[in-house]
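So the structure is just underneath, and the comments pick up after that.
Since the model is a prediction, treat every value here as computed from it, not as a measurement. Numbered from 1 within each chain, the chains take letters A, B, ... in sequence-line order.
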Amino acid sequence: MDYNTAELEAKWKAFWNENEVYKTSDDKSKPKYYVLDMFPYPSGAGLHVGHPLGYIASDIYARYKRLQGFNVLHPMGYDAFGLPAEQYAIQTGVHPAVSTNQNINFYRKQLDNLGFSFDWDRSVNTSDPKYYKWTQTIFLKLFSHYYNNTKDKAEPIDSLIAIFQKEGNVNVDAANSQDADFSAEEWNTFSEIQQDEVLMNYRLAYRKVGFVNWCEELGTVLANDEVKDGLSERGGFPVIKKPMRQWALRITAYAQRLLNGLDSVDFSEALKTQQRNWIGRSKGAKVFFNLKNHYSNIEVFTTRPDTIFGATFMVLAPEHELVSQITTLKQHKTVEAYLKYAGARSERDRMADVKSVTGAFTGAFAVNPFTGKEIPVWIADYVLIGYGTGAIMAVPSGDERDQRFAMHFGLDILPVVDQSAHQSAAIGDKVGTMINSGFLNNLPVKEAIPAAIAKIEELKIGEGKVNFRLRDANFSRQRYWGEPFPVKYNNKGVAFAESNLPLELPSLNNFKPTAEGKAPLARAEEWCNGEEFTREIDTMPGFAGSSWYFLRYMDPHNEAEPFSQEAVNYWQDVDLYVGGAEHAVGHLMYSRFWHKFMFDMGWVPTREPYKKLVNQGMLQGVIEFLYLLKEKQDDRAVFVSGDMLKNYEGQEFAHIPVHIDYVTGYGSDNSHLNSIGIEKFKKWRPDYDNALFITNSNDQLITKSEIGKISKRYFNVVNPDDVINDYGTDCFRMYEMFLGPLQDSKPWDTKGIIGVSKFLRKFWSLFYNLDNDWLLRDEKPSGAELKILHTAIKKVHNDIQNFSFNTCVAHFMVATNELKKLNCHKAEILKPLVVLMAPFAPFITEQLWHDFNEKGSIHKYAEYPVHDEKFLVENSIEYPVCINGKKRAVATFDANATKQVIEEHALSLDEIQKWIDGRTVRKIIVVPKRMVNIVV
RNA sequence: GCCCCGGUGGCGGAAUUGGUAGACGCGCUGGAUUCAAAAUCCAGUUCUCGCAAGGGAGUGGGGGUUCGAUUCCCCCCCGGGGCACCA
C-alpha cells in the first residue's frame, strides 16, 4: 500500500463529521484559548491560493493549543453584506441573498477540502436577520448614548437630557459637535426639532449634514479608509467632497483610548504605527482671532502657538462657514470664482497638484491677538475643512506652505525663530530661539510653546488642546445589500429607535437607485412609508457587521441577547487573530472602537478585543517571459535565450509571457525552456510554429523570470483544489507553510511542493513498508534516537510558539531524515512525533494514531509531548576550539567548563603552542554550549 | 517629503538574538535503476585558485566597537509597504 491521500482524506473527513470531533467543548473548567481568522467575504470567484495561508496557520495553532489541554474556540463565518453581490444583482437580477448563499456553499466546500478544525456549528453570517438583529441593537445603543469626557466613558443620553433640563450644556464636558451654549431655560423652550438637533450633536451614532466622500460611479458615500488617493478603493472611481445628511459614528470620542490601547496589545510595530498615524494625535492650542468689524471670530488650531507673533495672515478652507459672512462686496466676485474653481477640483486633482499655489482674498481682516496688527483673511484649498477647525493662522516664516502662499501673493513675512544655531534644521522644526516675539524673545522654542499657551489662557483667547486627525466614521451607504437602520422619523423628521428588531430588509427585484437618485430602498414604498413615520432608506456599511462578529461566535444561537455574560466571561477576548494587513485601519479600528463602547456598556469584560494579531503576507506568483526579437528574420519570429542577448546588441526585444508549466530550472538566470519545453510552447502557441529558437550551448532557452501578481495573463494561476488533487491536503498545507515566514510576501511555485511530498512519504515509510506491513516495534530506543526525538520536540515547540511554521516543517524533515537513516521503527520514538505532526498533517497523523491503537500496545496519545532538556544537555558532545575565533579543533566538555576543559579533554599544551606559534595566550573564553576560544 | 519594514548562494529561505554563515527544500551536476523515459534512490552543489590535499574571499557598500559581527553603532546605496498640503 502506498500513502493514498484521497482515500485517507475522505475517510477522516467523514469520521470528523460523524463524531463532531471539532465541536467546541463546553468544559469551562479547562483554560480557554480563542483563535480567530478574519472571516471572508464570499465572492463569486471562490478562494484563491492566498486565502488559505492565514487559515492554515491559525488552524495549526488551534490544534497545537488543543493538544496542550486548552479549550479552543476556532470558528469561521461569512462577512456577507457588500457591494459585489449588489452589483451582480443589478446586472443579472439575481437577488443578493440568493447569490450570497450560493457563494457561501461554494466557500464551505473549498474550506472543507483544506482540513480545517473549525466548529461549524458556531458559524455566523452577517446578512442573516438573526445576526443583524444584534448589529442593529448595538447601533441603537450607540444612538442612545453620548460620551462623557469627565468619566471617560459612554453614558445614556437620558442622563444628558436630565442635565440639560437642570443647567443647560455649559458645564457638560462631552464629545460633541455642538457649537452654541444654552441654558436650562433655553433648552426647555426648544422645539422638538431643536432638541433633536442638539442631541444629535452628542449622540455616538448621529445624523448630521457634513462633507462626505461621494463616489458618483458607485452611487454611494464612502468612509475615509475606503478612499485611496482620491479614488474609491473598490473600483478605483473618482471621489468628491459633497455635503449630505448622513449617519456617522463618533469614533473621535474614543481617539485617545484607541491610541492608549495600542500599548497593551501584541500587534506588529508597523501596524501599530499605521493606526497611530491614522489617529494622528497632535498637541497644540486652539486660539480665537477676532475679526475686524465683525461680530464673530475665527477659531484655529496650531501646534506652534509660540509663533503667533509671526502670523501675518489667516487662511480659511473654501468650505468654511464664515466665508460667505465675511467676504466684502468688493471681493465677492473673486471669492465666488475661487469657490467655483475649488469646488470643481476632485480630491484626486488636489492631491496630484500640491505644488501650485491658489487662493483668494476675502477682503476681511482679523486681529493678531499678540501683535494687535490687522492681518488679511484669505481662502485657499490647502487648508482642509475636515482637519482642526478648517482655518489656520498662517506663519510664513515658520511653515513651508504658508511661505509659498505668502511669496506667491506678496504677503508679509516676519521671522520669529532664529535657527542659525541649527545648521541642518528645516523650516518648521521645533528648534531655535524666539525673535521679534515680544515677551517670548530669547526663549528656546521648546520653552516658548508652553509660555505662549499660558499667555493665551491668561488672555482668555484660547487654550492648550490636543487635536486628532481621526474623523468620525461615515455610517450611511446608499445601497440595498446592508443592514437597514432600525430608525424611523416622525412627521417632523425627528429620529426614533425602531423597537421591533430585527428590522428586515424588504424584498426588491430592482436594486438600482431610483430615478430621483434616492437609495434603492426607496423603491420599497410600503416599507418606507408608514402611517405615522418614514424609514431611513440608507443602509449600514460593510464594517458594521464585522465590528463585533467575534463576540457572536462565543454564543451564536442566543436569541435573547447578542451573547450571554456567561459566555463572554469565559471566552473573554481573542487570543490570536490572523488576517491580512489590508484591514489595518478599517476593520481593526472600528471593531476596537465598538469593543470599547461595549466595555463601557458593561457587555464585555476586556478593553481590547484582540490580544495578539498576526498579519499573513501576500502570495505572489512567478512570471516567466521569453525574449522575442521585435524584427522578424526571414519572416520567422526569433526567440533568443537570455544568455545570448549580447549577440544581438542594439536590437529590441519583446517579452512574451509563457506558461510556467513549460519552464524548468528555478531562479533568475536558471529558469529555461529545454527542448521538451520548447515543443510544448509551440503546441500551445501554434502561431509560433515556425519560429526560430536561439538556444545556448546547453540547448536551453533561458527565460526572464520575475516575481509578481498571480494573474491569468501571466499564465501562472494555480488552483488550490488541483494541488490537493495531486498531492493531498496535508502536503498542500505543509507546503504553504514551508514557503517562507508567515508574515512575508513570497512567491508561490508549485515545483517546490515535491520536496514536501517526498518528506510525507518518507514519514509514512517509518510506519509501513510497501507491502503495507506494520513496521513498528516496542523496542527500547537508543541514545542517538532519543536525541533526535527530543531535539525535534524542542525545536518544533519553539517554532510553533514563534509562528515560524516554515522552520517548523524543516525541523520535522530533519528528524524524519535522521530516523530514516538509522532505520528506526521504534514506537516509543515515533509516537510523540505523530502528535507533533498533527497540527500540520491532520489526516496522515490521525491515520497513524488510529493504527497505533488498532495494532497493539500503544495508547492514544492526546497530549502535546514535552522534550527532556536534561537529556539534551547531557548528550551535548562536540564543540569547536578556536584561536582568535578561527576553528582549530573539536573538544568535548559540558556547559560549565572552563579552560580546564582544554587540558582535561582534548588538547595538549603542545598542540596549543603549535597553533599559537609562540605568541602568548591572552585569555581563554568559554562560551557555554558553543565553543572555547583562545585569544592570543 | 515623512514614517515603518527589509537587503544572505541559481531560487524560496535558516542561523539558538554576539559564537563553526548558508539548516530545510527547490533547481542544477554526476551516478544507480531502466530497452528507454518518467518516477525513485545515492552523492555533490556559496564563489574562487587547485587533479587533490588545501588556500583565499564572502551576508547591499564604506567605516567603527569586539578575541569574534548576518546580528550592535555611524554614514551611504537599493527594494517593499504605509501616510501625504494634518496647520
Are the aromatic rings of A:Trp748 and A:Phe732 close, with centres under 6.0 Å apart?
yes
Nearest-angstrom distance from the residue atom CE of A:Met393 to C1' of B:C85
17 Å
Looking only at B:C85, B:C3, B:A87, the nucleotide nearest the A:Arg404 side chain is B:C85
How would you label the contact of A:Leu384 with the nucleic acid (heavy atoms, under 4.0 Å): base, sugar-phosphate, or nothing?
base
In whole angstrom, give the distance that lies between atom NZ of A:Lys465 and atom P of B:C86.
17 Å
Using ring centroids (six-membered ring only for Trp), state whether A:Trp764 and A:Phe759 fall under 6.0 Å.
no
Salt bridge present between A:Asp306 and A:Arg304 (N-O < 4.0 angstrom):
yes
Begin from the C-alpha positions of A:Leu271 and A:Leu613 and carry the test side-chain contact (heavy atoms from CB on, under 4.5 Å) through to its verdict.
CA-CA 9 Å; A:Leu271 194 131; A:Leu613 175 77; 3.8 Å; yes
Counting side-chain heavy atoms from C-beta on, which of B:A14, B:G27, B:A87 comes nearest to A:Arg401?
B:A87
So does A:Lys758 get a side-chain nitrogen or oxygen closer than 4.0 Å to the phosphate oxygens (OP1/OP2) of B:C26?
yes
NA contact type, A:Leu271, heavy-atom cut-off 4.0 Å: base, sugar-phosphate, or nothing?
nothing
Assigned partner base of B:C51, Watson-Crick or wobble definition, under 3.5 Å
none
Spacing between A:Tyr735 atom OH and B:C26 atom P, to the nearest angstrom:
10 Å
Scan A:Gly388 against the nucleic acid and name what it touches under 4.0 Å (heavy atoms): base, sugar-phosphate only, or nothing.
nothing
Remember a base hit wins even if backbone is also touched, and classify A:Ser268 as base, sugar-phosphate or nothing at under 4.0 Å, heavy atoms.
nothing
Please state whether the phosphate of B:A87, meaning OP1 or OP2, lies under 4.0 angstrom from any side-chain nitrogen or oxygen of A:Arg469.
no
Syn/anti state for B:G9 [syn: chi within 90° of 0]
syn
Whether A:Asn817 contacts B:C24 is assessed here as follows: a side-chain N or O lying under 4.0 Å from the phosphate OP1 or OP2. Is that the case?
no
When both distances are under 3.5 Å in a Watson-Crick or G-U wobble arrangement, the nucleotide paired with B:U17 is none
In terms of side-chain heavy atoms, does A:Glu624 have a donor or acceptor partner in A:Thr703 at a distance below 3.5 Å?
yes
Does B:C83 have OP1 or OP2 under 4.0 Å away from a side-chain N or O of A:Arg276?
no
Among the nucleotides B:A87, B:U40, B:G13, whichever has the atom closest to the side chain of A:Tyr387 is B:A87
